Amino acid sequence: MRDYFRPLVRTDAPRPSDALPLAGGPRWFTHVARHRRDGSVTRLPASALPDPVRDRLTAPRGTVMGLRMDRPQIMGILNVTPDSFSDGGRDRSAPEAALRGRRLMQDGADLLDIGGESTRPGATEISTGEEVARTEPVIRALAGVPISIDTRKLAVARAAIRAGASMVNDVSGLTFDPDLARYCIDNALPVCVMHSKGDPQTMQDAPEYENVLLDVYDFLETQVEMLLANGLDRAKIIVDPGIGFGKSQAHNLALLNGLSLLHGLGCPILLGVSRKGFIGRIGNAPEPTQRAPGSIAVALAGVAQGAQILRVHDVAQTRQALALWQAVETGAPHDA
């Protein structure tokens with residue numbers, strides 16, 4: 001039976017002499033939880049880790065688009081769609097969308113994630129041409145800004161990269177368009193591999209898992225290994241558990257509770273929980289725009305487990321919360 005190891009992440013002082021660093025950052029661990037598919041979870045000292053697992057858990061992560069992964073980075077969401085669940089239809093033109101993007105950067109975003117196709121539950125696919133028409137002019141108008149293109153399609157990614165984007169964020173985990181992985185590999189592009197179950201139209205129709213935490217880990221591991229085997233450097237790969245994509249509320253909470261397991265993949269973790277439905281249900285906030293407090297609470301819980309990139313709508317509020325949270329955690333003002 002396979003063993004899965006989840007570091008039990010800490011930051012409190014004093015740090016024990018035998019503590020291992022988590023992903024080369026300020027967090028550390030002395031113990032791990034061993035998960036097995038029989039449902040057992042056992043606490044073990046970190047000294048019990050197999051060498052390859054220890055190496056992946058502790059190795060410093062490389063920079064992504066020039067951004068250091070030993071500190072949290074904020075990815076501002078810029079949807080240029082008429083129907084995204086939270087912020088669709090806000091802009092009447094590409095210059096207007098670009099202005100909103102620059103404001104997100106001024107608010108404290110480290111990079112932008114630009115998407116032209118809604119992948120909310122129940123959304124229908126749009127044509128490649130329409131998606132390119134929505135995203136390409138906005139990317140060109142944001143020259144000089146670090147940009148990720150949020151797409152499942154090779155043609156959209158290619159147009160975006162030519163327009164100035166430098167990373168691909170695929171909510172299908174490189175399963176929708178079989179040629180997109182090859183494009184990212186051939187061009188040595190940073191790529192975020194996200195887990196989702198089913199397509200947007202059906203993904204929330206009673207999703208089921210044997211063990212959601214381990215199932216998501218296995219999928220991401222398979223995709224990471226595929227990229228590595230075909231020549232992409234591990235430093236170029238980011239993983240995302242896909243909160244809200246083919247998951248029930250219980251699935252989302254189980255993934256968030258066990259998030260640090262994903263450090264075993266040896267890649268930075270991107271966490272996208274902003275304004276998600278489960279936050280509205282638990283936090284009694286039916287309108288997505290009312291969910292900033294809950295979104296920030298969950299994002300900080302992710303940072304506590306070592307998440308390196310936070311994908312958010314409410315950039316200024318997240319930046320402020322992160323700065324104060326880190327100041328309290330370290331006992332000194334901190335450049336978030």
Side-chain angles (χ1 to χ4, degrees), residues 75 77-94 97 101 112-140 147-163 165 167-185 187 189 191-209 215-216 219-220 222-223 226-227 238-248 251-252 270 272-278 288 311 313:
M75 171 186 274
I77 299 169
L78 185 62
N79 287 321
V80 288
T81 60
D83 58 344
S84 289
F85 82 98
S86 176
D87 58 349
R90 290 188 58 181
D91 310 304
R92 292 170 293 183
S93 66
L112 298 179
D113 192 41
I114 298 180
E117 178 182 57
S118 176
T119 49
R120 76 189 192 288
T124 56
E125 183 183 351
I126 65 170
S127 71
T128 296
E130 184 174 2
E131 193 175 344
V132 170
R134 291 176 180 178
T135 54
E136 183 180 28
V138 178
I139 294 169
R140 291 194 183 281
I147 291 173
S148 163
I149 178 65
D150 179 359
T151 187
R152 303 176 290 170
K153 302 168 186 171
L154 168 60
V156 178
R158 182 188 289 121
I161 298 301
R162 289 174 176 169
M167 172 176 153
V168 174
N169 181 16
D170 181 359
V171 300
S172 80
L174 301 172
T175 63
F176 181 82
D177 187 333
D179 296 322
L180 183 52
R182 185 76 258 168
Y183 176 75
C184 293
I185 294 164
N187 291 277
L189 293 172
V191 58
C192 182
V193 178
M194 194 192 85
H195 175 275
S196 60
K197 192 177 182 71
D199 59 46
Q201 281 188 285
T202 62
M203 64 185 180
Q204 291 305 107
D205 295 347
E208 295 183 2
Y209 296 86
D215 290 354
V216 168
F219 169 83
L220 294 174
T222 296
Q223 297 308 93
M226 176 272 293
L227 291 168
I238 301 156
V239 295
D240 179 347
I243 301 299
F245 282 79
K247 282 101 177 169
S248 68
H251 295 145
N252 290 329
L270 185 152
V273 297
S274 186
R275 301 183 182 179
K276 293 292 175 77
F278 80 97
R311 185 178 183 273
H313 295 89

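Numbering starts at 1 and runs along the sequence shown. Everything quoted here is computed from the prediction, not taken from an experiment.
Nearest heavy-atom pair, N252 versus G244, reported as atom, atom and distance to 0.1 Å: OD1-N, 2.9 Å. Closest of all the heavy-atom pairs between A159 and V132 is CB-CG1, 3.9 Å. Between G115 and T81, the closest heavy-atom pair is O-CG2, 3.7 Å. Shown here for A157 and L180, the closest heavy-atom pair between the two residues is CB-CD1, 3.7 Å. The two residues P207 and S248 make their nearest non-hydrogen contact at CG-N, 3.9 Å. When all heavy atoms of D240 and C192 are compared, the closest pair comes out as CB-SG, 3.8 Å.
Residues meeting the salt bridge (Lys or Arg N to Asp or Glu O under 4.0 Å) test with D215, sequence neighbours left out: R37. With sequence neighbours excluded, the residues satisfying side-chain hydrogen bond (donor to acceptor under 3.5 Å, both in side chains) with D113 are S148, N169, R311. Not counting sequence neighbours, the partners of T151 by the side-chain hydrogen bond (donor to acceptor under 3.5 Å, both in side chains) test are E131. Remark: D170 engages S172 in a side-chain hydrogen bond (donor to acceptor under 3.5 Å, both in side chains) (not counting sequence neighbours). For A163, the side-chain contact (heavy atoms from CB on, under 4.5 Å) partners are E136, I139, R140, not counting sequence neighbours. Taking F278 as the reference, nothing meets the ring pair (Phe, Tyr, Trp, His ring centres under 6.0 Å) condition, with sequence neighbours excluded. Not counting sequence neighbours, Q223 has no partner by the side-chain hydrogen bond (donor to acceptor under 3.5 Å, both in side chains) test. With sequence neighbours excluded, the residues forming a side-chain contact (heavy atoms from CB on, under 4.5 Å) with R162 are R158, listed by chain and number.
Note: Y209 and H251 have perpendicular aromatic rings, judged against thresholds of 30 and 60 degrees for the angle between ring planes.
Proximity of D177 to Y183: side-chain heavy atoms (C-beta onward) are nowhere separated by under 4.5 Å. Looking only at side-chain heavy atoms (C-beta outward), K247 and K197 stay at 4.5 Å or farther from each other. I77 has its side chain out of reach of R275: every pair of non-hydrogen atoms, C-beta onward, lies at least 4.5 Å apart. Using a 4.5 Å heavy-atom cutoff, the side chains of F219 and T175 are in contact. F176 is listed as a side-chain neighbour of K153, based on a closest heavy-atom distance under 4.5 Å. A heavy-atom distance below 4.5 Å is not found between the side chains of S196 and V171. The shortest distance between side-chain heavy atoms of L227 and L174 falls below 4.5 Å.
Of the inter-residue distances, the one linking M194 atom CE with D150 atom CG reads 8.5 Å to the nearest 0.5 angstrom. Between atom CZ of residue R152 and atom CD of residue E117 there is a gap of 4.5 Å, rounded to the nearest 0.5 Å. Between the CG atom of L154 and the CZ atom of R182 there is a distance of 12.0 Å, given to the nearest 0.5 Å.
When each of I238, V191, I147 is checked for a side-chain contact (heavy atoms from CB on, under 4.5 Å) with M167, only I238 meets the rule. Checking each of V156, L189, N187 against I161 for a side-chain contact (heavy atoms from CB on, under 4.5 Å) leaves exactly one that passes, namely L189.
Panel note: side chain T135, backbone G116; no donor-acceptor pair is recorded below 3.5 Å. Checked by atom type and distance alone, the side chain of K276 pairs as donor or acceptor with a backbone atom of I243 at under 3.5 Å.
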